[in-house]
Amino acid sequence: MRLRPTRSVDHALALILICVPMPLMAQSQRTDQPATQPPATDASSTEAPILPDDQFNARLPTFGDTDSKAAPGTPLPSIDTYLDQQMPQIDGASGTAPGATPTLTELPPATEPPADAALAQPLPSLDSVTVPAEVAADASAAAEKAPEVRYVFKVEGFGKTGLEDDFRAASALADGKGQADTAAMVQARAEEDKALAVRLLYSEGYYDATALASFDQPADATGPLTAVISVTTGKQYRLGAIVIQAGPTVPSGLIRDNLPLKTGDPIVAADIEGGEANIALKLPENGYAFAKVGERDILLDPATVTGDYTLPVETGPRGRFRTITTSGDKQAFDADHIKVISRFREGEIYDSRKLDDLRKALVATGLFSSVGVKPVQTGDAAPEGTEYVDLHVEQEAGPPRTLAGELGYGTGQGFRAEGNWTHRNFFPPEGAIIGGIIAGTQEQGISGTFRRANAGKRDRTFQAGAAINHQNYDAYEAFTLGLSATISRASTPIFQKRWTYSYGVEILASNETTLNETTGDTKRLTYFIGALPVQLGYDRSDDLLNPTSGYRANLRVSPEASLQGNLSPYVRATFDLSGYYPVGENIVIAARTRVGTISGVGRDDIAPSRRIYAGGGGSVRGFGYQELGPKDANDDPIGGRSVNEFAVEGRYRFGNYGVVAFVDAGQVYESSIPKFSDMRYGVGVGGRFYTNFGPFRADIAMPINRQPGESKFALYIGIGQAF
């Protein structure tokens, strides 16, 4: 924050003259006067007369040969030689009379000390240097004897500012926990805390604040040192005039209306920075793609304890969307498909939220190792005084192939592992082929799928596939060949959508075991089934995999016809509703209900794999998979035509872990309308380990009023919450 105080400071300039005396320094003559004109003298002066020229020249030193003047151009002697020659000529320096040539005594020749062979050797490397054992031991003993400094930390003066807790949380003295190696370390921490205290007070508008550190040594030398940080806050400055320096905007007042500051507010750094960030956000959302918020200026006035606030803003031109361009060494798809994904039309007022939406949608395709979207200023005029803005997408395609897997276990369902291989852009743009396999103790299968995302429209997916599956459960055994095609709009972890839907067609050929209720025998029958499933979902929860608030509703209706001798049309329908209510920060109460029905045909005319079942990890926990409902003479489930289920959970999370307690209830009925009677209950607890892609779940439950043939407890392991 740029602050300018109104106080002025006068500066004085001192001129210091330094005179350095030099021997034999003659006064130079001025060139603007004749050299022969002597300076004027006062007749009454007592000073000695100036030397005549002949005496002056006689005293000048000679260079080179003492008997003859040096020839022009002769190099000057060194300063040492010159001094040796001139020192004896100075009156009083020796017994030689002035003007006489002295006899110089020659110094004896310099002799070099005898060379030391050890000094001539190269220095050893640092790695080869060793410390004598006795020296190292003495140093270690000295270090061990150095006493640790203990201190007590106190803070004074924050008063009602509310900053003491923040200060203690970041304090170096507090972080030291009352211990330091030396007293100098305690002092260094205190200096850091002084600066910290002033920064915190400045951030809240206390610009006259000061901080001091003091230390109290106890009378008892063994007691701890007391370190005290004393703060003087001064007065809190408040906003005076607020001035926005910017051009006109549409709508008018766009900048000032989105700056939540008013005269008289305390000058709090977080509030000012937040207000400026809001302007930087709102301008691009209203057409100003290239707006820039300048550097604020706050002029402090100590007399009124206020600060006048000035903010320059460059709005730039107001823009409209025009077209999309793209570049990159390795592109996943072209600009035409990016236009299909975008949510704006040419000519609309620029809105940065739609640019961010396009960026997230491109990331959601999973086809890029890097992708960026930025506005480009074109300068081309658009209607109503605006300019066209292009969007440029810089893309780098990533690996299109992925492997994924899922592993789970449920009582009655056994182990189940599912894996798939996907090439997400085998048929550009976004035409994927998927190969899947299921390997489980009671289910095996293989499938192939073609899927095109954003098929002609944003978020619309077309999918067609074929699958061969084998299921072997207590309720039935079925070998099924299926063909399907659907068009859907579904949620993803990046884009959780409020409304979702799907509609399509299914054709199945299934060879299954079925029970003859008259004789009690089982037999195998082949069913040919056609279905037109439709699904509609509404989601107001806050998270797709781990919701903590909101609710979800989902309705699925599937008109079907079963051909096994005679054509038997019927309708399958299921409605699910779940809600999530947070209690505090770490506890969530979750509840779920489900009702389902099959209308228009008797149970025996429905293939066993298409009937309604309940029980298991995604249904009523405490019971085996498909265990609830009507049973045959062998106590095996045979399915029904209606169901109701209820569940409530208490979820407690601590860090990346969590525990869950739950109660489930449900029952399957032979009638087409659920009776809400003879309900079965299961209770249990579970553990959660939260990861980036969702919680890992492990639940254990037991049935209430357990009946013969039912397990004492049931175990369920999977990914994601139970609902």
Side-chain angles (χ1 to χ4, degrees), residues 410 412-413 475-476 491 498-503 506 529 531-541 547 550-560 562 568-581 589-631 637-649 662-684 701 703-704 714 716 720-723:
Q413 192 176 11
Y476 60 86
S491 289
R498 181 169 298 183
W499 287 100
T500 58
Y501 65 82
S502 69
Y503 58 90
E506 292 180 345
I529 303 166
L532 299 173
V534 177
Q535 181 172 301
L536 180 64
Y538 184 70
D539 190 349
R540 293 301 301 269
S541 65
Y551 62 91
R552 298 172 179 170
N554 188 78
L555 174 65
R556 178 181 173 88
V557 178
S558 179
E560 300 183 6
S562 176
S568 302
Y570 55 91
V571 176
R572 294 165 51 93
T574 305
F575 177 73
D576 290 271
L577 177 65
S578 59
Y580 312 92
Y581 182 76
I589 303 299
R592 175 186 67 87
T593 184
R594 172 186 294 170
V595 293
T597 180
I598 298 178
S599 303
V601 71
R603 182 183 62 189
D604 293 343
D605 294 325
I606 305 172
S609 62
R610 308 296 288 181
R611 298 172 187 171
I612 294 178
Y613 299 90
S619 178
V620 183
R621 287 164 290 184
F623 301 90
Y625 182 66
Q626 300 180 340
E627 190 173 29
L628 293 180
K631 297 182 179 179
I638 57 177
R641 293 191 298 159
S642 63
V643 65
N644 56 8
E645 295 177 359
F646 306 94
V648 61
E649 285 189 349
F662 56 86
V663 177
D664 291 359
Q667 186 59 280
V668 175
Y669 305 95
E670 186 176 346
S671 62
S672 61
I673 302 298
K675 298 179 180 179
F676 300 95
S677 61
D678 300 325
M679 300 288 291
R680 299 299 311 278
Y681 298 89
V683 297
I704 302 297
Y716 313 96
Q721 297 286 5
F723 56 89

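On a predicted model such as this, the values are computed, not experimentally measured, just so you know. Along the sequence shown, the residues carry numbers beginning at 1.
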With the side chain counted from C-beta on, respond yes when Tyr613 and Ser619 share a heavy-atom pair under 4.5 Å apart, and no when they do not. no
Sequence neighbours excluded, which residues qualify as salt bridge (Lys or Arg N to Asp or Glu O under 4.0 Å) partners of Arg611? none
Any side-chain heavy atom of Phe646 within less than 4.5 Å of one from Met679? yes
Excluding sequence neighbours, so at least two apart, what forms ring pair (Phe, Tyr, Trp, His ring centres under 6.0 Å) with Tyr581? none
Measure the shortest side-chain to side-chain distance between Thr500 and Asp539 over non-hydrogen atoms and say whether it is less than 4.5 angstrom. no
Taking side chain to side chain contact (heavy atoms under 4.5 Å, CB included) as the definition, give me every residue that meets it alongside Val683, ordered by chain and number, with sequence neighbours left out. Val663, Met702, Ile704
Residues that Asn644 engages under side chain to side chain donor-acceptor pair (under 3.5 Å), provided they are two or more places apart: none
Ser558: which residues meet the side chain to side chain donor-acceptor pair (under 3.5 Å) condition with it, sequence neighbours left out? Glu560
When you measure from the side chain of Arg641 to the backbone N and O of Val601, does any donor-acceptor pair fall under 3.5 Å? yes
Close side-chain approach of Arg594 to Thr574, heavy-atom, < 4.5 Å: yes
Taking only residues two or more places apart in sequence or in another chain, which ones pass salt bridge (Lys or Arg N to Asp or Glu O under 4.0 Å) with Arg680? Glu710
Could you pull out all residues at least two apart from Tyr625 that satisfy side chain to side chain contact (heavy atoms under 4.5 Å, CB included)? Gln413, Tyr473
For Tyr503, which residues count as a side chain to side chain contact (heavy atoms under 4.5 Å, CB included) partner, sequence neighbours excluded? Ile487, Tyr501, Val534
Checking Phe662 now: which residues fulfil side chain to side chain contact (heavy atoms under 4.5 Å, CB included) with it, not counting sequence neighbours? Arg621, Glu649, Val660, Asp664, Asp699, Ala701
Could you list the residues that satisfy side chain to side chain donor-acceptor pair (under 3.5 Å) with Tyr716, not counting sequence neighbours? none
For Tyr580, check ring pair (Phe, Tyr, Trp, His ring centres under 6.0 Å) against everything at least two apart and list the hits. none
May I ask you to test the Ile638-Pro630 pair for a side-chain heavy-atom distance under 4.5 Å? yes
Report the residues that fulfil side chain to side chain donor-acceptor pair (under 3.5 Å) with Gln667, sequence neighbours left out, ordered by chain and then residue number. none
Is Phe723 close to Arg552 at the side-chain level, that is, under 4.5 Å between some pair of heavy atoms? no
Is there a side-chain contact between Val557 and Leu555, using heavy atoms and a 4.5 Å cut-off? yes
